[in-house]
Novice: 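Quick one: this structure, given as structure tokens, is what I'll be asking you about.
Note on naming: letters A, B, ... go to the chains in the order of the sequence lines (proteins, then strands), and numbering restarts at 1 for each one.
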Amino acid sequence: MAVYDQMNERQKEAMLCTEGPELILAGAGSGKTRVLTHRIAYLISGKNVRPWHIMAITFTNKAAGEMRERVDRLVGEGAEQVWVATFHSTCVRILRRFIDRIGYDSSFTIYDTDDQKTLMKQVFKELNIDTRTMKERNVLARISAAKNEMTGPEEFRKQAENYYDEKAADCYERYQAGLRKNNALDFDDLLVKTVQLFRAAPDVLDYYQERFRYIMVDEYQDTNTVQFCLVELLAKKYGNLCVVGDDDQSIYKFRGANIRNILSFEEAFPGAHVVRLEQNYRSAGNILDAANEVIRNNRGRKEKHLWTEEEKGELVHVRRFETAREEASGVIGEIARRARNGEYRKYAVLYRTNAQSRLLEEQCVTRGIPYQLVGGVNFYQRKEIKDILAYLRTIANGRDDMAVRRILNVPKRGIGAATADRAGQFAAAQGLSFYDALTKLPALGTLGRAGDKIRRFTEMIEGFREKSRELPLGELIRTVADESGYLDELREEGEIEAQTRTENIQELIAKAMTFDRDGADPADAFEDGLPADRPALDRFLEEVSLVADIDRMDDSAEKITLMTLHAAKGLEFEEVYITGMEDGLFPGSRSLNDPEELEEERRLCYVGITRAKKRLTLTCAKTRITNGEQRWNQDSRFLEEIPERLKDAAGGAAPSRPSAELRSFGFSGAGTAKNTARPKASEIFGKAAAFGKQFQVVKADRLDYTVGDRVKHARFGEGVVEKIEDGARDYEVTVRFDSHGVKKMFAGFAKLQKL
DNA sequence: TCGAGAATTGTTTTT
DNA sequence: CAATTCTCGA
């Protein structure tokens, strides 16, 4: 078959070995996705395996989506029956159908990190734990680690060695009880409960073993112990397990990834067929050599040597700057100069920590360069989005106490903490959910005025419930945002940040409209045991709870991509800049005296280098401000690990003075919009008015007030205009209010009246 | 009940 | 530095 001819011998070997355990050690850029997808095609057309029996598991929705697309193209008919999904969504689907077997309700909600933290705060309060002695985050991290190792609360307690361990065990116990009470699972539970289910219900396990006779796992080096158990259980019956990974790209140890899963695969699955893919099709020779030189400093890895038929290409460019700001300016400036015809899509700027993105972003904004920021605050974690989603969760399912509490007084309804606590106690005493307590409480007449307010709230929710049955999702969300008064409250704030929030809600509505139109993810189109008539609202909430930030990356737009090295795994770009190559930053200070940690950092560096196809630039700054403190760093040891012959000497030595050009572009800190919600400039300019016309603000030709005029604002009262800046989209007006201080806002949004 | 200002705290990396 | 949490006054 013609499609197979373009594959090299090793790739063919990997593809043709379909029975029994197989380990594919796929170096960076060696075409592993191609092997996986072709292997699926071969199973179907060459081995007559029914698509229904094939499963491919990935870590991110993005990877799953790409795989699905390629399988669809390759296989055609029946491709939709292949199960392509992430670990988490696989587990959710299994649990939705069978979790009642282990005593949960199938309408469980999924807690994200914020929800977890909120719950843990409650636990701390119950146990009278002072947050100065222990941190919620820290305890949650320990619980997560325990869950990854499938250690329950009892066993966790047994392993306790001191007072703090005991306390953490108490927390674990209470935390689990809290989840249970709210009919909720956290991310780790999705995996753990699925394994528990399989162990408790052999018939269910058997059902899925029969279904998934051929299993493939991508990025296997990132699996943790639960995931290993899950895969092992599923594959036990037929034994057709194919895992693909690269131990050199294992960068998620902090998340429980167990590198032993890949290093000892052959012990766990005796007789495993091992294939090494070492020919790289991505990077130019010098870049690949640099990657090899860096990674060879690691011990405890499967020896391999990537090679390429590509030419050597350019040397690796190394640039040193005086300060982090000059670094950002230098990098973005160079990209601006190099990008002909606005081909920004070719460029990625990578960094170790999210905090580093700020300076880069500023540079893009001031130079008017389109960019895309991946990471940072996930869209679905933004406050306004979580608020609206909490409404939806309340409408979909009144048992989600956390969601109800969140919106009870948002927007302000005069229902304060005291009243909420009262309802909480009532709920606990009566064994009711928080929401049910709210519906019953006013009738008792013990609340006085607050009773009316609560009644109005529950009536509103009931009204939304009615509407949710007839309205499409997008309309429903718009109605909720509008009629709850949420938008009004935002609008009244008038500030730039509020504008961004409104836009985010608009974006959510747009997403819901797409969802209305296309239905849920295509994999849902075939029967997997779930009732086909699950309300769109439920399916939407579910999909939304499992999206990662990388999933939202748009690789078709002409924008520079800014993201962390972690987020870059699995991607490739023509030209890559890795910034902040400094000891203490990358490798991070934590890893400087821990050899194991240092190796993980080095793998991260390897991942970063191998993202580049044609051109790689490594930059560092002598000094940068971290945590409000100026730090001086040495060059990264990883820079030294790349031999001189591979590095561009010109940039290597010259400690650059800021050129005139750079200075003229300099950032005049004073006039910068300061907004925590950080609008993405590129999106602001790019987004059309297709959705939610009612939110749209049109830039006026001119304003009827000017600097020095007295104006009136709906909420802040009267004040004096101090400054008007002509922004690209709207005038930004700075006003000193008599009683509310100085505020900066968009003119069209704030609706100021001249007095 | 709620806002504003003060104090405090924190940095990897994320499904 | 910036985001979150705390405290106090009305």
Novice: Evaluate salt bridge (Lys or Arg N to Asp or Glu O under 4.0 Å) for A:K121 paired with A:E136, printing each intermediate quantity in order.
Specialist: CA-CA 7 Å; A:K121 271 187 188 156; A:E136 291 98 338; 5.2 Å; no
Novice: Over how many whole Å does the gap from A:N224 atom CG to B:dT13 atom P extend?
Specialist: 20 Å
Novice: Remember a base hit wins even if backbone is also touched, and classify A:T419 as base, sugar-phosphate or nothing at under 4.0 Å, heavy atoms.
Specialist: sugar-phosphate
Novice: Calculate the interatomic distance between A:I110 atom CD1 and B:dT14 atom P; express it in whole Å.
Specialist: 20 Å
Novice: Compare the minimum distances between each of B:dT11, B:dC2, B:dT13 and the side chain of A:N354, then state the nucleotide with the smallest one.
Specialist: B:dT13
Novice: Using heavy-atom distances to pick each residue's nearest nucleotide on DNA chain B, tell me which of A:E600 and A:G414 is more 5'.
Specialist: A:G414
Novice: For A:G588, answer base if it contacts any base atom (sugar-phosphate contacts may also be present), sugar-phosphate if it contacts only those atoms, and nothing otherwise; contact means non-hydrogen atoms under 4.0 Å.
Specialist: nothing
Novice: At 4.0 Å (heavy atoms only), tell me whether A:K121 reaches a base, stays on the sugar-phosphate, or touches nothing.
Specialist: sugar-phosphate
Novice: Assess the side chains of A:D247 and A:Q221: does a donor N or O sit below 3.5 Å from an acceptor N or O?
Specialist: no
Novice: Where the side chain of A:N627 is defined as all heavy atoms beyond and including C-beta, which of B:dG10, C:dT5, B:dC2 is the nearest nucleotide?
Specialist: B:dG10
Novice: To the nearest Å, give me how far apart CD (A:Q356) and C1' (C:dC1) are.
Specialist: 15 Å
Novice: Counting only heavy atoms not in A:Q634 (residues, nucleotides, ligands), do more than 12 fall under 6.0 Å from its CD?
Specialist: no
Novice: Hey, is the side chain of A:K62 poking within less than 4.0 Å of OP1 or OP2 on B:dT15, counting only N and O atoms?
Specialist: no
Novice: B:dT13 P sits how many Å from A:E597 CD, rounded?
Specialist: 14 Å
Novice: Using side-chain heavy atoms (C-beta onward) and a distance below 4.5 Å, is A:R624 in contact with A:E327?
Specialist: yes
Novice: So if I take residues 250-260 of chain A and measure heavy-atom distances to DNA chain B, which residues fall below 4.0 Å?
Specialist: A:Y252, A:F254, A:R255
Novice: Give the nucleotide from the list B:dT1, B:dT9, B:dT14 with an atom nearest to the side chain of A:T564.
Specialist: B:dT14
Novice: Is it true that the side chains of A:S636 and A:E582 contain a donor and an acceptor less than 3.5 Å apart?
Specialist: no
Novice: Rounding to an integer number of Å, can you tell me how far A:L585 CG sits from B:dG10 C1'?
Specialist: 15 Å
Novice: For A:R137, which contact category applies under a 4.0 Å heavy-atom criterion: base, sugar-phosphate, or nothing?
Specialist: sugar-phosphate
Novice: Starting from C1' on B:dT11, measure out to CG on A:L592 and report it in whole angstrom.
Specialist: 14 Å
Novice: More 5' along DNA chain B: A:I415 or A:A567, using each one's nearest nucleotide?
Specialist: A:I415
Novice: Ignoring hydrogens and angles, state whether a donor on the side chain of A:S144 or A:D188 is under 3.5 Å from an acceptor on the partner side chain.
Specialist: yes
Novice: Regarding A:N409, tell me which of base, sugar-phosphate or nothing describes its non-hydrogen contacts under 4.0 Å with the strands shown.
Specialist: sugar-phosphate
Novice: Between A:Y371 and A:E361, do the side chains contain a donor N or O and an acceptor N or O under 3.5 Å apart?
Specialist: yes
Novice: Side chain of A:I625 only, heavy atoms from C-beta on: which candidate in B:dT13, B:dT9, C:dC1 is closest?
Specialist: C:dC1
Novice: With a 3.5 Å cut-off and just heavy-atom distances, do the side chain of A:H88 and the base of B:dT15 make a donor-acceptor pair?
Specialist: yes
Novice: To the nearest Å, give me how far apart CD (A:E219) and P (B:dT13) are.
Specialist: 20 Å
Novice: Under 4.0 Å, heavy atoms only, any strand: does A:K569 hit a base, just the sugar-phosphate, or nothing?
Specialist: nothing
Novice: Taking the minimum atom-to-atom distance to the side chain of A:R358, which one of C:dA2, B:dT14, B:dG10 wins?
Specialist: C:dA2
Novice: Would you mind telling me which of B:dT15, B:dG10, B:dT13 lies closest to the side-chain atoms of A:H566?
Specialist: B:dT13
Novice: Verify whether one side chain among A:D218 and A:T58 offers a donor that lies under 3.5 Å from an acceptor in the other.
Specialist: no
Novice: Under the side chain to side chain contact (heavy atoms under 4.5 Å, CB included) test, which residues partner A:S545, sequence neighbours left out?
Specialist: A:I110
Novice: Using atom CD1 of A:I454 as one end and atom P of B:dT1 as the other, report the distance to the nearest whole Å.
Specialist: 11 Å
